[in-house]
Amino acid sequence: MSSKTESPTTRIIAVTNQKGGVGKTTTTINLAAGLARQGQRVLLVDLDPQGNASTGLGIDYDQRNTGTYAALMVEAEPHALPQPTEFDNLAIITANNELAGAELEMIGDERREYRLRDALRALEGDYDTILIDCPPSLGLLTLNALVASDSVIVPLQCEFFALEGISQLVRTIDRVRRAFNADLHLEGIVLTMYDRRNNLSELVAQDARGFFGDQVFETLIPRNIRISEAQSHGSPVLDYDARSTGAIAYLALADELIKRNKNKAKA
């Protein structure tokens with residue numbers, strides 16, 4: 001007699017920081033690629049009107065007609081939203097500039113905070129991990145991401161004033177948990193643009209670990225020109241230069257995230 005198998009579990013993670021220039025989209029792209037390289041089925045949701053995640057995965061603008069705007073406006077069946085990329089196990093829901101008007105168009109809807117959650121729920125089981133690249137703000141688009149997600153990853157730049165604003169984001173997560181999504185939690189903080197030659201990087205890392213403890217990932221993402229070059233070529237750094245320090249770091253981050261979730265599942 002065969003035992004009953006559990007339905008596949010999809011983890012939805014929002015990658016967000018209201019401060020721009022911290023490596024948010026870079027982290028989303030390369031963490032997605034790292035998870036895919038580890039054999040996971042991954043969906044990247046580009047929720048930033050700038051569409052940089054779509055560009056960073058080599059999706060031409062004229063290929064972005066059915067994306068996150070259509071998801072929020074309920075203009076397409078959810079399974080029609082993801083499109084494949086050139087990279088194994090990695091799909092994307094793209095963004096174009098129509099997304100910039102979505103907040104205004106949703107403002108009068110009573111369920112405006114749940115639009116993205118409703119779309120992604122239909123895709124549960126199709127993917128192991130869904131990563132949402134949020135805009136650099138705490139507006140209605142980011143709120144949709146937080147309501148749809150199980151957890152949040154916050155990229156934190158290893159530079160002066162980096163910790164400013166994190167407390168505001170943590171308070172936002174708490175408010176979303178109380179009002180909309182009781183299961184939402186902080187998955188972890190990723191230290192980005194780390195420079196071992198710079199004492200300030202180490203001081204920021206120490207401060208972050210002192211305040212947030214083991215919620216800070218052990219993996220440090222270094223400053224690495226190959227990461228920037230990869231984005232300009234529409235490719236994750238793992239595919240552009242797998243031997244670079246940036247690629248090695250993001251693969252390690254993906255491995256650390258997988259191990260964390262396995263340990264939580266056992267607990």
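Position 1 is the first residue of the sequence, and the numbers go up from there. Note that the structure is predicted; figures quoted are calculated from it, not measured. Just so you know, these numbers use all the heavy atoms, side chains as well, and skip hydrogens, waters and symmetry mates.
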Main-chain N/O of Q215 paired with R209 side-chain donor or acceptor, under 3.5 Å: no

Joint hydrophobic cluster, V15 plus Y194, side-chain heavy atoms closer than 4.5 Å: no

Audit row: T129, N261, side chain to side chain contact (heavy atoms under 4.5 Å, CB included) steps and yes/no: CA-CA 11 Å; T129 302; N261 289 328; over 6 Å; no

T85 side chain to L90 backbone, donor-acceptor under 3.5 Å: yes

CG-CD distance between D126 and E124, expressed to the nearest 0.5 angstrom: 9.5 Å

Ring geometry between Y114 and F180 (parallel below 30°, tilted from 30 to 60°, perpendicular above 60°): perpendicular

Side chain proximity check, R115 to M73, heavy atoms < 4.5 angstrom: yes

Check ion pair R226-E229 (N to O, under 4.0 angstrom): yes

Flag, side chain of R37 to backbone of L238, donor-acceptor distance under 3.5 Å: yes

T192 (side chain) donor-acceptor with I221 (main chain) under 3.5 angstrom: no

Connected via hydrophobic side-chain network under 4.5 Å: L131 and I92: yes

Side-chain heavy-atom pair D183, D150 within 4.5 angstrom cut-off: no

Under 3.5 Å donor-acceptor, H79 side chain and L123 backbone: no

Interatomic spacing from CG in L191 to CZ in F212 - rounded to 0.5 Å: 10.5 Å

For A145 against L116, the heavy-atom pair lying closest together: CA-CD2, 4.0 Å

Single hit among T25, T94, D46 for side-chain hydrogen bond (donor to acceptor under 3.5 Å, both in side chains) with S54: D46

Test side chain to side chain contact (heavy atoms under 4.5 Å, CB included) applied to L47 and L72, step by step: CA-CA 10 Å; L47 200 60; L72 294 171; 4.2 Å; yes

Short side-chain to backbone donor-acceptor contact, T66 and L81, under 3.5 Å: no

Considering all heavy atoms, the nearest A208-L156 contact: CB-CD2, 4.0 Å

Side chain to side chain contact (heavy atoms under 4.5 Å, CB included) between I59 and Q83, intermediate numbers included: CA-CA 10 Å; I59 309 297; Q83 63 185 81; 3.7 Å; yes

Spacing of D128 atom CG and N89 atom CG [to the nearest 0.5 Å]: 8.5 Å

L120 versus I93, closest heavy-atom pair with distance: CD2-CD1, 4.3 Å

Sub-4.5 Å side-chain heavy-atom contact between I13 and L257: yes

Main-chain N/O of D195 paired with S201 side-chain donor or acceptor, under 3.5 Å: yes

Audit row: T27, Y250, side chain to side chain donor-acceptor pair (under 3.5 Å) steps and yes/no: CA-CA 8 Å; T27 294; Y250 275 115; 3.1 Å; yes

Closest heavy-atom pair and its distance - L140, E103: N-OE2, 2.6 Å

pair S228-T26: side-chain heavy atoms closer than 4.5 Å: no

Test: D133 and K24 ion pair at under 4.0 Å: yes

Whether over 12 other heavy atoms sit under 6.0 Å from E86 CD: no

Row check, Y69 ring normal vs R64 NZ/CZ: under 6.0 Å, within 45°: no

Salt bridge D174-R178, side-chain N to carboxylate O under 4.0 Å: no

Criterion side-chain contact (heavy atoms from CB on, under 4.5 Å) against L138, the qualifying member of V176, L143, L169: L169

Cluster link L57 to L43, ILVMFWY, side chain under 4.5 Å: no

Same apolar cluster (I L V M F W Y, side chains within < 4.5 Å links), L99/I132: yes

Audit row: E256, K259, side chain to side chain contact (heavy atoms under 4.5 Å, CB included) steps and yes/no: CA-CA 5 Å; E256 185 176 353; K259 288 179 178 177; 5.8 Å; no

For the student: nearest non-hydrogen atoms of L146 and L184, plus distance: O-CD1, 3.6 Å

Heavy atoms of other groups near R111 CZ, more than 12 under 6.0 Å: yes

Side-chain H-bond candidate by donor/acceptor type, Y127 with Q40, under 3.5 Å: no

Closest heavy-atom pair and its distance - A102, L141: CB-CD2, 4.2 Å

Verify same cluster id: I173, I12 (apolar side-chain graph, 4.5 Å): yes

Min side-chain heavy-atom separation M193-C158 under 4.5 Å: no

Atom CG of D62: over 12 foreign heavy atoms under 6.0 Å: yes

4.5 Å side-chain heavy-atom contact, N17 and Q157: no

D241 side, atom CG; S235 side, atom OG - distance, nearest 0.5 Å: 10.0 Å

Other residues, nucleotides, ligands: >12 heavy atoms within 6.0 Å of F211 CZ: no

Pairwise side-chain contact, V204 with E159, heavy-atom cut-off 4.5 Å (strictly under): no

L35 side chain near Q38 side chain, heavy-atom distance below 4.5 Å: no

Option passing side-chain contact (heavy atoms from CB on, under 4.5 Å) with S244 (candidates V237, I227, I225): V237

Short side-chain to backbone donor-acceptor contact, R41 and A91, under 3.5 Å: no

Neighbour count above 12 (heavy atom, 6.0 Å) for N199 CG: no

